[in-house]
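First up is the structure itself, then whatever we jot down about it.
What's counted below: heavy atoms across the whole structure, side chains too, no hydrogens, waters or symmetry copies. Letters A, B, ... mirror the listed sequences (proteins, then strands); counts begin at 1. Everything quoted here is computed from the prediction, not taken from an experiment.
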Amino acid sequence: MTTANAGTDSSTIDVAGVPLSYESSGEGPVMALLPHETGSMGAGELQRLLAENHRVAAPTLPGWDGTPRHEWMGSVRDMAVLMNLTLDKRDAGPINLVGLGFGAWIAAEMATMNQDRIAHLILVNPMGLQPNDGEIMDQFLLGHEAYLQAGYHDLDRMAAHYSDGQPSVDELVEQDENREMTARIAWKPYMFSQTLAQLLTEVRIPTRVLISSHDQIVPPSCGQQYVDAMPNATLGRIDDAGHFAAIEQPAALAQAITEFCAT
Amino acid sequence: MHIMYFTEQPMSTYPREAGRDAGNTALMISNEHFDPVDGSRLYNERLREYILCEEVGFDGIMLNEHHNAPFCMQAKTNVFASILAAVTDRVKIVPLGNPLPLSENPVRIAEELAMIDMISGGRLVSGIVRGGGTEQLAAGVNPAYNRERFIEAHDLIVKTWTQPGPFRWEGKHYQNRIVNPWTTPLQKPHPRIWVPGVASRETTEWAAQHRYPYICLNTTLEATQKIWEVYDEAANEVGYEPGPENRGYLLRVHVQDTEEKALEGAAEFNWMMGEFTGLAHPVWSSPAGYSSPQHRRALVEIANNRRPSPRGGAAPSLDTQIETMQIIAGTPDQVVEKLRVVMEGTRPGIFAIWGNDGSVSHEDSKRCIELLGKEVLPAVREIADELELNSPFDVDAPVSLEHSAPATIATAAAGGA
């Protein structure tokens with residue numbers, strides 16, 4: 001099913017018995033954009049910029065943002081398998097795969113299983129590996145708004161992002177629903193895999209790991225750990241940004257992604 | 001009526017300013033404030049008080065457990081249950097209860113409880129709970145699967161108690177390829193299961209569907225009556241008419257020789273910023289996925305300062321709690337008069353008296369227990385008889401809907417099987 005809206009098509013595809021929703025825009029090589037565990041909020045401008053050079057598909061993780069969930073799903077790897085099945089079902093690829101934070105973990109898991117369908121892999125502030133230094137911030141100890149705030153380097157940008165200067169109650173309720181989904185598949189170990197690092201050593205996809213200058217949620221060591229593990233990965237940096245680089249620096253991030261995909 | 005004594009077993013020497021400074025008194029407040037020397041003394045004082053409870057006439061001793069917080073020093077309810085099984089002779093031992101989702105192996109809980117039941121000569125009542133939100137975080141257990149784990153662990157424990165092993169359990173959350181514990185309970189078909197709670201409609205309905213008594217934990221009279229409406233409706237749907245034997249009520253009651261001293265002790269019920277389960281961030285108390293979806297919006301609003309929290313500084317004053325009979329304090333005569341009102345309003349067959357909290361001294365706790373046993377309990381029993389508030393033991397109620405045969409205690413002649 002596909003519906004069009006101001007240059008963006010909203011579609012669903014049935015995968016493993018549950019519809020997966022995604023938005024598509026732009027023309028060019030296909031790019032998939034996987035969101036944070038906080039949902040699809042705020043990636044619209046990044047998607048718009050990337051769509052200047054790509055046909056961008058931005059799925060909603062099933063179960064997130066009010067969409068139907070897979071009751072059986074119990075791990076991030078399950079989610080990666082589901083996303084790979086989606087690529088198979090569409091006979092997509094090779095595509096450029098971009099993941100933001102939690103979405104980057106899913107993308108990395110996908111890469112270990114489906115290298116032929118991925119041309120370029122871009123991991124932005126990736127979760128998924130146990131930090132050598134520090135810990136991934138535990139959102140379950142923070143209020144929803146406080147966790148969102150921790151994702152920003154400049155809180156004025158967060159205020160500007162919301163029409164009332166702060167998330168509405170509806171948006172916070174959605175954050176709680178998304179948080180429940182995060183618990184269902186990433187509770188323990190929290191936000192990392194104990195087996196991914198070794199599998200990444202066989203991933204030969206050209207990979208760009210981008211870390212923000214001021215990420216309070218994922219320690220900077222995680223980005224370097226991805227680069228160290230993967231044979232064709234390099235590290236880049238997004239300045240003046242926190243974990244939600246897509247919201248704080250969409251232009252710089254889009255440029256970094258687009259340039260890498262052109263190589 | 002079955003009358004139990006309860007205390008949270010507080011770490012009364014914990015420095016209160018530490019809680020005020022930290023802004024919380026559960027989960028994250030550092031255990032550097034725990035003093036094991038005081039802990040050793042307090043555990044043993046509580047033990048002597050429990051023994052006194054049996055001497056003065058209580059029918060049961062209600063226990064519980066909590067984690068990472070000074071309001072309750074019991075980290076494993078089965079530990080004190082085990083001790084009491086050995087050092088008491090008559091009282092029912094009532095852990096309310098084992099937080100089933102926290103366990104990675106429910107069969108082990110079944111074994112522990114079977115041992116307690118046998119050592120006590122069949123005096124165990126096995127309470128079961130989901131555990132609070134902070135408990136899930138303290139144990140690292142996924143809150144999103146709390147209710148599923150609670151139900152599956154319960155099913156596995158009851159099967160372990162009632163069906164000969166070995167059998168295999170391949171569940172969603174528990175996989176035990178060989179279930180065959182050597183120990184099984186003395187009570188047949190199995191020890192009584194009681195379910196305490198405060199708010200969850202789903203848990204109330206679940207208890208009623210199994211015909212397990214539901215124990216309201218210090219709920220208001222109005223809230224208690226609403227809980228009974230939910231319970232009664234669910235019970236009727238599965239085909240039985242519940243009575244007082246299905247209803248329990250926990251109430252804070254502090255008695256002393258003078259009203260002044262009783263009020264002084266009752267003030268200790270509010271000792272931890274008025275939060276008897278500790279002051280915690282709302283997302284610790286109700287992590288995502290732990291509570292019913294119907295409560296999600298209100299919890300989110302509270303967690304993000306979009307509506308005032310009903311906890312912390314907003315807790316009712318002592319005067320208000322006494323006025324609304326959330327706390328009853330006074331001389332025995334004064335207390336009995338109010339207890340009649342509560343009993344008429346809640347009609348429990350199981351009555352738990354939470355007698356002492358905070359920094360009430362060992363001596364004052366003992367005096368409270370003596371007065372309760374010698375002067376209050378006889379009067380309460382008379383009122384209960386007048387109101388026909390029978391306990392499950394009084395009417396030999398079935399232990400559950402699934403196992404409705406009369407409850408027995410295995411004897412040598414029966415082979416103990």
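Annotation: B:Glu233, atom CD; neighbour count of heavy atoms from other residues, nucleotides and ligands within 6.0 Å does not exceed 12. Atom CD of B:Glu222 has 12 or fewer neighbouring heavy atoms from other residues, nucleotides or ligands inside a 6.0 Å radius. Around atom NZ of B:Lys76, more than 12 heavy atoms belonging to other residues, nucleotides or ligands sit under 6.0 Å away. Counting non-hydrogen atoms of other residues, nucleotides and ligands closer than 6.0 Å to CG of B:Asp21 gives a total above 12. Atom CD of A:Gln198 is surrounded by 12 or fewer heavy atoms from other residues, nucleotides or ligands within 6.0 Å. Atom CG of A:Leu85 is surrounded by more than 12 heavy atoms from other residues, nucleotides or ligands within 6.0 Å. Atom CE of A:Met113 sits in a crowded spot, with more than 12 heavy atoms from other residues, nucleotides or ligands closer than 6.0 Å. Dense packing is recorded around CD of B:Glu148, with more than 12 heavy atoms of other residues, nucleotides or ligands lying under 6.0 Å away.
The closest side-chain heavy-atom distance from B:Val283 to A:Phe140 is not below 4.5 Å. Side chains of A:Val173 and B:Arg296 form a contact here, defined as non-hydrogen atoms less than 4.5 Å apart. Two residues are said to be in side-chain contact when any heavy atoms from C-beta on lie closer than 4.5 Å; A:Glu180 and B:Tyr290 fail this criterion.
Both the backbone and the side chain of A:Glu177 come within contact range of chain B, each with at least one heavy atom under 4.5 Å from a heavy atom of that chain. In this structure, chain A has no heavy atom under 4.5 Å from any part of B:Leu299. Contacts of A:Asp170 with chain B are made by both backbone and side-chain atoms, with heavy-atom separations under 4.5 Å. Heavy atoms closer than 4.5 Å to chain A are found in the side chain of B:Arg306, but not in its backbone.
In terms of heavy-atom pairs under 4.5 angstrom with chain A, the leader among B:Gly289, B:Ala288, B:Pro287, B:Pro143 is B:Ala288.
Here the CD atom belonging to B:Glu301 is positioned 9.0 Å from the CG atom belonging to A:Leu172, to the nearest 0.5 angstrom. Distance check, rounded to the nearest 0.5 Å: CG of A:Leu148 to CG of B:Asn304 gives 8.5 Å.
Looking only at distances, a side-chain donor or acceptor of B:Asn142 sits under 3.5 Å from a matching main-chain atom of A:Ala183.
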